[in-house]
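First up is the structure itself, then whatever we jot down about it.
These numbers come from the heavy atoms of this one structure, side chains and all, not from hydrogens, waters or symmetry mates.
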Amino acid sequence: MTESEFQEFMITMGYRYNEKAKTAFNSFEGFRNLVDFNEKESRYSLRLDCMIKQGEDASKVAERLEKFRLEHKNNVLKAVLGKKLISITLKMTIDSDIDKEKLRELVRLMTELCKSGMLVPVCHICARERKTGLYVVGKEVTAICDSCIARKRRLYEKRKDLFIKKKQNMSAGLIGAVFGAAFGAMIHILLYQLFPVYGTGSVFIISLTYIGFVITGHRATKKSGVICALIAFIAFIAAEYAAMILNTAILIEREGGGIALSESIYITNSSFEDTANLWALVPELSIGVGIIIVIGIAYLLKRKYTRPMKISKNIL
């Protein structure tokens with residue numbers, strides 16, 4: 001089913017549709033049913049913020065959800081009752097008629113549960129039985145009570161103010177990043193002499209590179225994140241090379257040859273002429289580069305999810 005077909009069908013079922021969040025929603029006796037259209041993962045996902053009413057048996061609701069899952073086991077991927085949420089996921093098929101029929105059954109189930117008297121609607125944030133509105137926070141429709149949305153708006157304004165006022169100093173940031181990478185490289189070289197690190201010392205290089213940039217550059221961006229990762233990569237390769245030279249120099253000194261830095265450089269460079277030695281380095285370098293990539297992705301995700309997310313007006 002296409003998004004336009006989903007939107008039109010859900011409207012016929014008494015739902016409204018938010019195009020930004022790709023979510024169909026309705027309000028029924030205080031309950032806020034939300035059905036997400038997830039084309040990327042080929043899923044329809046229902047969310048209902050609710051709890052078991054005091055004195056009611058949660059197992060009855062769980063049994064009803066499980067019955068629904070078994071009745072439509074070819075299409076229902078999940079139907080669970082959480083502590084403060086009912087979550088149901090349907091598989092998207094290439095047949096729009098099948099999808100419509102399963103969504104129709106889903107709407108009937110939720111109407112039945114909302115009428116059952118066993119559930120009470122709650123706020124998504126505080127999980128209290130309060131009157132809620134529906135707000136688009138970032139790109140997600142969420143049921144939130146008045147006090148929680150007021151608190152979220154204050155936090156948003158505070159973060160937005162900090163975000164706008166904080167200016168990036170790219171040149172100072174790059175100096176800090178290089179200094180951090182150099183410090184991390186020295187740690188890696190030292191650890192290399194003490195025990196086999198197998199490239200894991202790169203965690204210090206990439207972490208201190210980002211820390212150095214943020215301290216001196218004040219504000220991080222996607223561009224600075226990529227640049228820091230490149231600096232860390234160069235620093236890691238240089239640190240590996242320097243660590244091998246130092247390790248060779250130490251071995252020469254232990255054999256009574258004195259401190260022969262030029263000789264250790266020559267021996268290290270000569271070892272690279274042997275293909276077997278180069279291949280032996282591949283796993284270690286792969287681990288180090290892999291760590292840099294993973295931490296780089298984590299950095300970008302952290303930046304994405306800590307940015308202030310816009311909050312819409314109540315869309316009900």
Side-chain contact test, heavy atoms from C-beta onward, threshold under 4.5 Å: evaluate it for Ile292 versus Ile205 and give yes or no. no
Output every pair passing ring-ring contact (aromatic ring centres under 6.0 Å, His included) with a member in residues 77-99, not counting sequence neighbours, ordered by first then second residue. none
Mind running side chain to side chain contact (heavy atoms under 4.5 Å, CB included) on Val107 and Leu103 for me, showing each step along the way? CA-CA 6 Å; Val107 170; Leu103 286 168; 5.5 Å; no
NZ/NE/NH1/NH2 to OD/OE distance under 4.0 Å, Glu101 and Arg104: yes
Tell me whether Tyr17 at atom OH has more than 12 heavy atoms from other residues, nucleotides or ligands lying less than 6.0 Å away. yes
Mind telling me whether Phe37 and Tyr44 have parallel, tilted or perpendicular rings, with 30° and 60° as the class edges? tilted
As an exercise, state the distance from CG of Leu281 to CD of Glu284, rounded to the nearest 0.5 Å. 6.5 Å
Expected output: side-chain Arg128 to main-chain Cys126 donor-acceptor under 3.5 Å: no
Linking I/L/V/M/F/W/Y whenever any side-chain heavy atoms sit under 4.5 Å apart, do Leu90 and Leu70 land together? no
Distance-only donor-acceptor check, side chains Asp57 and Ser59, under 3.5 Å: yes
Could you check whether atom NZ of Lys53 has more than 12 heavy atoms from other residues, nucleotides or ligands sitting under 6.0 Å from it? no
Residues 106-126 vs salt bridge (charged side-chain N to carboxylate O under 4.0 Å, His left out), sequence neighbours excluded, gives Arg64-Glu112, Glu105-Arg108
Report whether Leu48 and Val136 are members of the same hydrophobic cluster (ILVMFWY, side-chain heavy atoms less than 4.5 Å apart, transitive linking). no
Could you please spell out the steps behind the salt bridge (Lys or Arg N to Asp or Glu O under 4.0 Å) verdict for Glu66 and Arg69? CA-CA 5 Å; Glu66 180 61 13; Arg69 189 189 69 79; 2.7 Å; yes
When the ring planes of Phe183 and Phe179 are compared, do they come out parallel, tilted or perpendicular, using 30° and 60° as the limits? parallel
Report whether Tyr299 and Phe204 are members of the same hydrophobic cluster (ILVMFWY, side-chain heavy atoms less than 4.5 Å apart, transitive linking). yes
